[in-house]
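Have a look at the structure below before the remarks.
Here the structure is a predicted model, which means the values were calculated and not measured. Residue numbers start from 1 in every chain, and the chains themselves are labelled A, B, ... in the order their sequence lines are given, proteins ahead of strands.
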2 protein chains.
Amino acid sequence: MSEGVEWAVHSCLNLTWLPSGQAVPAAKLAAFYGLPAAYLNKQLQALARAGIVTSTSGPRGGFQLARSPETITLLDIVVAIEGADAAFRCEQLLKEGPGADPTVDYRQSCLVSQAMSRADLAWRKELAGQTLAGLKAQVEQRYPATPGNTVNRFTALRA
Amino acid sequence: MSEGVEWAVHSCLNLTWLPSGQAVPAAKLAAFYGLPAAYLNKQLQALARAGIVTSTSGPRGGFQLARSPETITLLDIVVAIEGADAAFRCEQLLKEGPGADPTVDYRQSCLVSQAMSRADLAWRKELAGQTLAGLKAQVEQRYPATPGNTVNRFTALRA
DNA sequence: GAATATGTACTCGGATACACATTGTCCGAGTCGATGCGG
DNA sequence: CCGCATCGACTCGGACAATGTGTATCCGAGTACATATTC
C-alpha cells in the first residue's frame with residue numbers, strides 16, 4: 001500500500017483539531033512530520049478530488065476538511081489515495097481453462113475470486129467502521145495532551 | 001497485489017485433482033492457462049520455500065503439494081508469494097510529531113496503526129478460513145465436470 | 001477620508017524526472033531414466 | 001539373461017533484463033491581501 005495513505009490519515013486527523021474554517025497550507029501539514037511538501041500536496045489533491053477536503057488558493061489559503069469528521073471513514077481516505085480497485089484483481093484465468101464459457105464473467109463466478117473478494121470486503125468493512133471522529137475521540141481519551149500540542153505546533157510553524 | 005497469487009492459487013487447486021505422488025512440471029502448469037512458464041516457475045519456487053509444494057528435478061519431476069489440502073489455506077499461499085508484511089506499514093510519523101517519546105514503538109501504540117492492523121487482521125482471518133480442500137469441494141459441487149476436465153487437459157498436454 | 005486600481009506574495013495544480021518493485025527471460029547445475037556393454 | 005556404467009534429456013534454481021507503478025520535484029495559473037493613487 002502507498003505510503004501516502006499514512007500521511008493522509010494523520011494529516012486529516014490533525015485537521016480535526018484545528019478551529020473550523022481555518023485552512024492550512026500543505027507546506028505546514030508537511031513540516032508537522034518533516035515530510036516532502038510537494039508530494040504531500042499531491043496526496044491532498046487526491047483527497048480534494050474525493051471530496052474529503054477542500055482547497056483554497058492564495059494567501060491564508062490551504063486545505064480544510066470538507067465535511068464533518070463523523071462522516072469521513074478510514075476507507076474513504078484509503079480509497080481516495082489508493083483507488084477503488086480491490087487488491088486482488090481476477091484476470092479470469094478460467095477463460096483459458098478447460099470447459100470455459102466465453103459468455104461467463106469469471107470475476108463473478110470463479111470461486112477463487114469470490115473467496116478473495118470476501119476477504120477484501122471484510123477489510124473494507126473494518127475500515128468503513130472507523131470514522132475520523134471516532135479516531136479523534138480515542139486519541140483524546142488516551143493522550144489528552146495531543147489536541148493542545150497539535151495546535152501549538154501549527155501556530156509555531158506559522159513563523 | 002501481485003498477479004502471481006492468482007496463478008499460484010489456481011495451480012495449487014489444479015494439483016489437488018491429480019493423483020497423489022505425481023509431479024507436474026512448471027511448463028505444464030503454465031500451459032494449462034497459457035501463462036509464461038519461466039515466471040510461473042518463479043512463483044512455484046516461492047511456494048516450495050514456504051513448504052506448500054515440493055519440487056523434484058529431472059525427468060518425471062516437477063511440483064506436487066507438500067501436504068494435505070486440508071492444511072493449506074489461502075493465506076498460506078498469499079503469504080508465500082507476497083511476503084508476510086502487512087499492506088499498511090506504519091512509518092511511525094508520530095516520532096516526528098509533538099510530544100513524541102523516542103522510547104515508544106509507535107507501530108504498537110499509534111491508534112491509526114492499530115486501526116489499520118485490525119482491518120488487515122480481518123482480511124487475514126477470512127483468508128485463513130479458506131482451505132484448499134474447502135475450495136476444492138466447493139468447485140466439485142458447483143462444477144462437477146472440473147476434476148475430469150482438469151486431468152484430461154493435463155494428460156493432453158503430455159503430448 | 002473613502003473607493004479604486006495596482007502590485008505583490010502566497011497557494012494550489014498539473015506537468016515533468018527519478019527510483020524501486022514487479023514482471024519477464026535466459027542459461028547453468030543437478031537428477032533421473034534409458035541405453036548399451038560386459039559378465 | 002542380469003547388473004552396471006555411460007549417456008542423454010529433462011527439470012528446477014537462481015542470475016540477468018524490461019517494464020510499470022509509486023515517489024519526488026519543479027514551475028506556472030490563480031487568488032486574496034496590502035498598498036498606493038485618485039476623487
Side-chain angles (χ1 to χ4, degrees), chain A residues 1-8 11 15 21-31 33-66 78 80-83 85 87-89 91 93 154 157-159, chain B residues 1-8 11 15 21-31 33-66 78 80-83 85 87-89 91 93 154 157-159:
Chain A
M1 175 172 324
S2 173
E3 190 174 353
V5 171
E6 187 177 7
W7 302 0
S11 293
L15 287 176
Q22 175 172 351
V24 182
K28 279 176 195 165
L29 286 169
Y33 292 121
L35 302 174
Y39 189 34
L40 177 62
N41 187 23
K42 196 177 180 61
Q43 316 290 355
L44 292 171
Q45 286 176 33
L47 292 179
R49 276 191 295 270
I52 295 173
V53 301
T54 59
S55 63
T56 314
S57 285
R60 317 278 296 178
F63 295 90
Q64 54 186 307
L65 292 180
V78 170
I81 304 293
E82 289 281 292
D85 291 347
F88 179 90
R89 65 209 134 98
E91 296 290 343
L93 291 190
F154 272 119
L157 289 172
R158 189 164 300 277
Chain B
M1 174 173 324
S2 172
E3 191 174 353
V5 172
E6 187 178 7
W7 303 359
S11 293
L15 286 176
Q22 176 173 349
V24 183
K28 279 177 195 167
L29 286 169
Y33 292 121
L35 302 175
Y39 190 33
L40 177 61
N41 187 21
K42 199 177 178 60
Q43 316 290 354
L44 292 170
Q45 286 175 33
L47 293 179
R49 275 192 294 271
I52 294 173
V53 301
T54 58
S55 62
T56 315
S57 285
R60 318 278 297 178
F63 294 91
Q64 55 187 307
L65 292 181
V78 170
I81 304 293
E82 290 280 294
D85 291 347
F88 179 90
R89 65 212 133 102
E91 295 290 344
L93 291 190
F154 272 120
L157 289 173
R158 189 164 300 277

Length of the line joining [X]:[atom1] and [N]:[atom2], which is rounded to integer Å:
{"X": "Lys28(B)", "N": "dT11(D)", "atom1": "NZ", "atom2": "P", "value": "7 Å"}
{"X": "Met1(A)", "N": "dA21(C)", "atom1": "CE", "atom2": "P", "value": "17 Å"}
{"X": "Leu47(A)", "N": "dC12(C)", "atom1": "CG", "atom2": "P", "value": "13 Å"}
{"X": "Leu29(A)", "N": "dT11(C)", "atom1": "CG", "atom2": "C1'", "value": "13 Å"}
{"X": "Gln43(B)", "N": "dG14(D)", "atom1": "CD", "atom2": "C1'", "value": "14 Å"}
{"X": "Glu6(B)", "N": "dT22(C)", "atom1": "CD", "atom2": "C1'", "value": "16 Å"}
{"X": "Arg89(B)", "N": "dC20(C)", "atom1": "CZ", "atom2": "C1'", "value": "11 Å"}
{"X": "Leu157(A)", "N": "dC10(C)", "atom1": "CG", "atom2": "C1'", "value": "17 Å"}

(message) Quick check against the 3.5 Å criterion: does Glu82(B) have a side-chain atom that pairs as donor or acceptor with the backbone of Ser2(B)?
(response) yes
OP1, OP2 of [N] versus side-chain N and O of [X]: anything below 4.0 Å?
{"X": "Gln45(A)", "N": "dC12(C)", "result": "no"}
{"X": "Arg49(A)", "N": "dG14(C)", "result": "yes"}
{"X": "Ser55(B)", "N": "dG13(D)", "result": "yes"}

(request) Determine the minimum heavy-atom distance between Ala37(A) and Ala30(A), stating which atoms define it. (result) CA-CB, 3.5 Å
(message) If you only use heavy atoms from C-beta on, which nucleotide in dG33(C), dC12(D), dA32(D) is closest to the side chain of Ala26(B)?
(response)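 From the listed options, dC12(D) comes nearest.
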(message) Which nucleotide wins on minimum distance to the side chain of Pro25(A), given the candidates dG13(C), dC12(C), dT23(D)?
(response) dC12(C)
(message) Working to the nearest 0.5 angstrom, can you tell me the gap between Ile81(B) CD1 and Leu44(B) CG?
(response) 7.5 Å
(message) As an exercise, state the distance from CG of Leu35(A) to CD of Glu91(B), rounded to the nearest 0.5 Å.
(response)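 Rounded to the nearest 0.5 Å, the CG-CD separation comes to 10.5 Å.
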(request) Please tell me which of Pro59(A) and Gly4(A) maps to the more 5' nucleotide of DNA chain D, matching each residue to the nucleotide holding its nearest heavy atom. (result)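 The residue closer to the strand's 5' end, by nearest nucleotide, is Gly4(A).
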Filtered N/O pairs between nucleotides 24-29 of chain D and protein, under 3.5 Å:
none

(message) Could you work out, with side chain to side chain contact (heavy atoms under 4.5 Å, CB included) as the rule, every residue matching Pro59(A), not counting sequence neighbours?
(response)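 Here no residue qualifies.
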(request) Could you list the residues that satisfy side chain to side chain contact (heavy atoms under 4.5 Å, CB included) with Arg49(A), not counting sequence neighbours? (result) Gln45(A), Ala46(A)
(request) Give the intermediate values and the outcome of side chain to side chain contact (heavy atoms under 4.5 Å, CB included) for residues Phe63(B) and Asn41(B). (result) CA-CA 10 Å; Phe63(B) 294 91; Asn41(B) 187 21; 3.6 Å; yes
